[in-house]
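Notes for the one structure printed next.
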Amino acid sequence: MASKNYKIAVIGGDGTGPEVVAEGLKVLKAASNKFGFKYETTMFDYGGDRYLKTGKTITPEEIEGLKKFDAIYLGAIGHPDVKPGILEQGILLATRFGLDQYINLRPVKLYKEEFTPVKNKQPKDIDFVVIRENSEGLYKGMGEFRDKGTKNEVAIQISYNTRKGVERCIRYAFDYCRKRNKAKKLTLCGKTNVLTFAWDLWQRTFDDVKKDYPDIQTDYAHVDATTMWFVKNPEWFDCIVTDNMFGDIITDLGAMIQGGMGIAAGGNINPQGVSMFEPIGGSAPKYTGKHVINPLAAICALGMLLETIGEDKAGKAVEAAVIKVATTKMKSLAAGKMGYSTEEVGDLVASNI
Ligand code: IPM
Ligand code: MN
């Protein structure tokens, strides 16, 4: 049977984005040779440099154009010469929303005890997945200023939560937890004691949906307590489902306990459409062009991409190669301290596929 020819859109983006994506593409080539699937990449220049030249972030037509791909591979968005918010909203969030990537999937997995700053925690203790709602909440951009610039100014920022939006996220989380088949436990992370509209809806929806998943154990944790337990008892978690803002915050902490931004990857998933995979660290401008940035996060994102498009074995092989290189070769996961250059780490992973 002829294998499928995957069409992959590549957005290197800003700062170190293009460098880490280049290493991911090396690994993609090695995986395709080993597992016999075909692919074709198309490069896009969306990012800060193009914005500074043309004033364009990403247009609705360009987002439409991304719909014909099987997946999108993204480096990083964020440029030191562009005011914060313009590129993030105009490119990253515009694409997440435009392609209705309503799940942000962020695995938190420790590969070696030495990589975590948390004392006495081993790889078996830090291994969970955060399922972050990725299309609503405080990210919706709803709100207003009143009496702007006066001493009576009021700024209102609305958290927008729909039953449909919350339910599709929670269902995805239950399905994911079942398929992961580990502790089979899903924790709802929220703030029911204060945010009594949004979290009432989340809690009721969670309680309704869980009836369809009697095999999954459920739990609830307030978001503030969740950050405490990430440090104190991360072994309590298997899968966590939460809203957009809380998910953003807790996954930065998650990245730290798994070894830092050099290893943390995520997927913006539309289960019925086109998904986009990215290292979750930013564009790291100060390391641009220095050959010191850790490409493993981008390579892990590539592994997630492969698993999602249906190349499960290739995705697992990428993760296994990352684990091997990270645990047996590298001195550290931090930029400049790896004991290897960015390119050498990419070569090592590719040769271990
Ligand atoms: C992330 C980032 C983005 C977010 C920013 C860059 C808009 O922090 O992917 O977590 O807040 O979602
Ligand atoms: Mn973030």
Side-chain angles (χ1 to χ4, degrees), residues 11-18 20-21 24 46-49 51 57-58 63 71-108 128-143 157-161 165 169 189 223 226-227 230 240-270 274-288 293 297-298 300-302 304-305 308:
I11 306 170
D14 300 320
T16 52
V20 295
V21 154
Y46 310 141
D49 287 329
Y51 174 76
T57 49
I58 189 168
I63 290 178
I72 304 165
Y73 189 36
L74 171 68
I77 297 293
H79 195 292
D81 302 335
V82 181
K83 196 178 146 219
I86 294 179
L87 302 172
E88 291 83 347
Q89 292 205 317
I91 302 177
L92 185 61
L93 299 183
T95 308
R96 287 179 183 169
F97 291 168
L99 297 176
D100 202 18
Q101 293 162 341
Y102 62 86
I103 298 295
N104 197 319
L105 192 67
R106 295 189 163 178
V108 176
F128 59 88
V129 179
V130 177
I131 295 120
R132 163 185 173 190
E133 204 290 323
N134 210 32
S135 66
E136 300 191 334
L138 281 165
Y139 278 68
K140 194 80 179 172
M142 287 175 78
Q157 191 91 45
I158 291 173
S159 176
Y160 181 85
N161 300 264
C169 175
C189 164
V223 61
T226 301
T227 62
F230 271 19
I240 299 172
V241 63
T242 190
D243 77 1
N244 211 340
M245 187 79 259
F246 294 164
D248 177 48
I249 297 167
I250 68 173
T251 55
D252 265 28
L253 180 55
M256 285 303 123
I257 66 170
Q258 78 180 115
M261 288 302 181
I263 193 82
N268 301 279
I269 313 272
N270 176 341
V274 186
S275 300
M276 174 168 74
F277 299 84
E278 55 176 336
I280 82 172
S283 56
K286 69 174 177 185
Y287 296 125
T288 307
I293 195 80
C300 289
L302 176 84
M304 292 179 75
L305 183 155
T308 309

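Remember, it's 1-based here, ligands and their atoms both numbered in the order they're listed.
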Using atom types as modelled, flag every donor-acceptor pair under 3.5 Å from a side chain in residues 78-85 to any protein atom, sequence neighbours excluded.
residue, atom, partner, partner atom, Å
His79, ND1, Asp81, N, 3.1
His79, NE2, Asp49, OD1, 3.0

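Within 4.0 Å of ligand 1, the residues that place a heavy atom are Glu88, Leu92, Arg96, Arg106, Arg132, Tyr139, Asp248, listed by chain and number.
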Run the side-chain contact (heavy atoms from CB on, under 4.5 Å) check on Ile269 and Phe277 step by step: do they pass? CA-CA 8 Å; Ile269 313 272; Phe277 299 84; 3.9 Å; yes
List the steps, then state whether side-chain contact (heavy atoms from CB on, under 4.5 Å) holds for Asp248 with Arg132. CA-CA 8 Å; Asp248 177 48; Arg132 163 185 173 190; 3.6 Å; yes
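Side chains of Asn134 and Asn268: a donor on one and an acceptor on the other come within 3.5 Å.
Closest approach of Ile72 to Gln101, counting heavy atoms only: CD1-NE2, 4.3 Å.
To the nearest 0.5 Å, atoms CG (Asp14) and CD1 (Ile91) are separated by 6.5 Å. Interatomic distance, OH of Tyr73 versus CD1 of Ile11, reported as 12.5 Å (0.5 Å rounding).
In this structure Val223 satisfies the side chain to side chain contact (heavy atoms under 4.5 Å, CB included) test together with Cys189, Lys191, Phe246, Ile250, sequence neighbours excluded.
No more than 12 heavy atoms of other residues, nucleotides or ligands sit less than 6.0 Å from atom CD of Gln89.
Protein-derived N/O/S atoms nearer than 2.8 Å to the Mn ion (ligand 2) total 1, waters excluded.
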